[in-house]
Amino acid sequence: MPNGVKPTALLHGAVPPSFVRLDKPDGENVVSRVLELNIETSKVGLLVSLGEAARHGEGLDTRTIESALDNLADPEVVDAYIRENLL
């Protein structure tokens, strides 16, 4: 799998199915957006953390997460934000 993502995280339910669903065949989803991030943080760890936050009703639904990932551009800011807020 790309960027070292292990299928076990997806298969064991750590990543919600909504994170991999596409609205259209050439669309993006949470998983593809995370994989595109230029970060040093573990992408699998980030996906698992986002999945946990989404499942526990912390105000993070799939659309909100996708929007936030679209707005993250600076790798240093992204890594710091992820470490402080999501992991």
Heavy-atom pair with the smallest gap, counting every atom of [X] and [Y]:
{"X": "Pro16", "Y": "Gly51", "answer": "CD-CA, 3.6 Å"}
{"X": "Phe19", "Y": "Ile65", "answer": "CZ-CD1, 3.6 Å"}
{"X": "Ser18", "Y": "Thr62", "answer": "OG-OG1, 2.8 Å"}
{"X": "Ser42", "Y": "Gly45", "answer": "OG-N, 3.0 Å"}

Quick check on the hydrophobic clustering: are Leu69 and Val20 connected, directly or via other members, by side-chain heavy-atom contacts under 4.5 Å? yes

Counting C-beta onward and ignoring hydrogens, is there a side-chain heavy-atom pair between Glu28 and Glu36 closer than 4.5 Å? yes

Side chain Lys43, main chain Leu37, donor-acceptor under 3.5 Å: yes

Side chain to side chain contact (heavy atoms under 4.5 Å, CB included) between Asn29 and Glu66: does it pass, once the steps are laid out? CA-CA 7 Å; Asn29 54 35; Glu66 287 175 343; 4.2 Å; yes

Hey, mind stepping through Val34 and Leu50 against side chain to side chain contact (heavy atoms under 4.5 Å, CB included) and telling me if it holds? CA-CA 10 Å; Val34 167; Leu50 290 171; 4.2 Å; yes

